[in-house]
Number of protein chains: 2
Amino acid sequence: MSRRPTILDVAARAGVSKSTVSLVLQNSAQVKAETREAVRAAMAEIGYVYNRAAAQMRSQTAGLVGLVINDLRNPFFTEFATVLQMTLAAKGYATVIANSDEDPDLQAKLIGSMIEHGVSALVVSPAYDDAGDAFDQIARAGIPAMQVLRKTDPRTGLFPFASFDYAAGSALATRHLLDQGAKRIAFVGGMEGRAITEERKSGYLAELKRAGIAPFTHHGRSSRAFGVEAVNNLPDDVDAAVCFNDLVALGMLSGFARAGVELGRDFRLVGFDDIEDCAQVWPLVSSIGCDIESFAQDVADGLLAWMQTGETPPPEHRAPVELIARTSSTGTID
Amino acid sequence: MSRRPTILDVAARAGVSKSTVSLVLQNSAQVKAETREAVRAAMAEIGYVYNRAAAQMRSQTAGLVGLVINDLRNPFFTEFATVLQMTLAAKGYATVIANSDEDPDLQAKLIGSMIEHGVSALVVSPAYDDAGDAFDQIARAGIPAMQVLRKTDPRTGLFPFASFDYAAGSALATRHLLDQGAKRIAFVGGMEGRAITEERKSGYLAELKRAGIAPFTHHGRSSRAFGVEAVNNLPDDVDAAVCFNDLVALGMLSGFARAGVELGRDFRLVGFDDIEDCAQVWPLVSSIGCDIESFAQDVADGLLAWMQTGETPPPEHRAPVELIARTSSTGTID
DNA sequence: CTGAAAGCGCTTACAG
DNA sequence: CTGAAAGCGCTTACAG
């Protein structure tokens with residue numbers, strides 16, 4: 001039990017040269033099947049473990065992908081991270097995951113650390129208010145990197161942006177609420193001025209304009225807590241709401257439950273993202289479904305192609321969304 | 001813009017030898033402050049990026065920690081993973097995170113990959129039904145590794161186990177429900193026979209025995225969906241429940257809301273884990289608080305000590321838990 | 001299809 | 001406090 005065995009030990013054991021062992025490790029077709037088997041057997045016998053650091057140093061590629069997320073505790077991002085990690089793992093890439101916790105300085109540090117670790121590519125759902133350091137760093141390192149779900153760097157040629165068609169989503173939600181007979185619809189949640197808030201609001205505003213109804217927006221944090229409080233901060237004539245996201249909608253659901261207001265009858269609600277909870281609370285919460293699983297897979301596939309063939313993903317990709325109408329907006333039970 | 005600069009380029013620029021540059025990189029005290037500054041300046045000027053693969057190869061340490069989680073989508077584990085990652089990042093370690101999705105084969109592959117990447121330590125919340133491959137692999141590699149929240153390998157000397165004092169938790173919950181006047185208390189959720197289920201059940205069984213009341217257990221998956229259905233599968237005289245976890249409790253909450261049963265009055269409920277949602281749904285859900293944030297920090301600290309000083313954590317650590325009584329069991333509003 | 005040689009970018013004793 | 005030299009374990013042309 002001295003040191004870990006190396007390819008030299010494997011070579012000695014199998015009676016071949018170390019180059020041959022290296023070729024076997026890379027599944028090269030130029031090694032005879034028989035030789036390959038002998039080498040594999042030798043590896044198993046002596047308990048050889050591939051040393052990626054050495055390989056990485058020589059070949060300049062680590063089989064490592066970095067993922068930096070602004071809020072990893074948000075189930076929407078967790079699901080994204082999980083599917084991305086699993087898809088990449090299936091292709092032989094390990095994923096270094098980090099939560100920037102909406103902190104641009106931490107984000108810059110994390111990205112720097114990942115670059116040092118030699119990640120082959122990065123996926124970033126960026127914190128807002130970044131001074132540009134994060135992506136400048138990546139640009140200097142010349143690593144393929146994508147912006148997902150949030151865009152903070154305008155260089156989408158360099159850092160392609162992938163997200164959902166949020167404007168279409170809120171338009172769908174608004175039209176649906178009007179169809180259900182809503183007279184005055186509020187838009188609740190989301191920090192004013194942020195790109196994602198404005199996108200999600202734009203479809204709502206467009207539909208209301210078309211219907212000749214005045215909008216009412218109540219902005220704020222995208223949390224359950226904000227949703228709970230929002231219930232008490234709406235004008236009396238508001239009888240429906242499009243929420244910035246499901247967390248806000250779920251918070252409003254709790255607030256209304258507490259206040260004895262029956263959702264789907266006294267008030268109509270549509271969330272955004274269709275996280276799992278929407279179908280598991282009562283009343284069931286209508287939402288704009290963003291198929292995060294397919295989205296994460298698409299991102300993974302695009303990234304793999306980029307790393308392997310050099311083919312850059314399109315500068316902007318908008319995944320389709322759909323309305324999932326449930327009790328909170330229809331009042332019907334299923 | 002040819003290749004990335006190396007310490008040789010930095011040395012040339014700063015007018016020192018490459019050893020000096022290396023020492024500066026390691027914050028060695030033997031370099032004069034003045035020299036250090038000159039070297040740092042040179043690095044910044046030429047855009048030097050530390051190459052960890054090379055360092056790792058020579059020093060045999062990567063500054064990388066592996067985290068393998070059986071279900072990364074579960075908010076309890078997400079929180080754990082997030083805090084662990086952030087604590088390690090603050091100490092200069094990057095974290096490779098992977099979701100084994102309860103699949104022992106995938107788990108073995110992921111651990112193998114992490115070992116190849118040269119992780120300095122591993123933290124595993126293992127999938128059940130592992131044939132032992134996972135930890136055997138780690139044992140062979142001789143890497144510090146901890147089992148957290150679930151124990152599947154009995155070698156706690158080699159793989160220390162850290163978790164919460166679950167038995168005390170369910171005893172607390174049961175006693176509390178009895179104090180509230182519950183006559184017949186069920187234990188709902190958790191797969192029968194699994195260590196964690198049996199632990200969480202043991203305190204419940206002990207308290208009921210003490211009170212001379214017959215237990216009623218309804219086992220099953222630890223999901224909201226199971227909780228929703230469980231509501232319809234309890235004997236009529238059951239008027240309270242200790243749930244295996246909060247997901248089950250939240251599912252039951254939805255089920256009762258749908259059935260028009262008022263929690264805290266018609267039925268009393270205590271969950272387990274005290275995830276964020278408990279305080280944000282309505283009625284508020286009582287739960288056994290497991291301070292996952294402190295726990296994750298303790299695990300991180302223990303692991304850092306182990307890596308740095310070789311001091312092994314205790315074979316078994318049980319973090320204390322507390323009862324958080326809320327509306328679902330007390331019927332009172334705050 | 002296989003072998004001998006060079007080199008990836010660092011760290012680590014060792015001399016000075 | 002600083003410099004010259006060896007070597008970590010692979011991959012990569014290049015010969016054969």
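Hydrogens, waters and symmetry mates play no part in the numbers below; they use all other heavy atoms, side chains included. Chain naming here is simple, since letters A, B, ... match the order of the sequence lines and numbering starts at 1 in each.
Side-chain nitrogen and oxygen atoms of B:T20 include at least one within less than 4.0 Å of the OP1 or OP2 phosphate oxygen of D:dG3. Within the structure, every side-chain polar atom (N or O) of A:S17 is placed at least 4.0 Å from both OP1 and OP2 of C:dA4.
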Q. How does protein reach along nucleotides 10-16 of chain C, written 5' to 3' as B (base within reach of a heavy atom under 4.0 Å), S (only sugar-phosphate), or - (no contact)?
A. BBB----
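Heavy atoms of other residues, nucleotides or ligands lying less than 6.0 angstrom from CD of B:E276 number 12 at most. The local environment of CD in B:E34 is sparse, with at most 12 non-hydrogen atoms from other residues, nucleotides or ligands closer than 6.0 Å.
Under the 30°/60° scheme for interplanar angles, the aromatic rings of B:F80 and B:F295 are found to be tilted. The aromatic rings of A:F135 and A:F159 sit tilted, their planes meeting at an angle between 30° and 60°.
With a 3.5 Å ceiling on both atom-pair distances, the Watson-Crick or G-U wobble partner of C:dC1 is D:dG16.
Between A:D136 and A:R155 there is a salt bridge, since a side-chain N of the basic residue sits under 4.0 Å from a carboxylate O of the acidic one.
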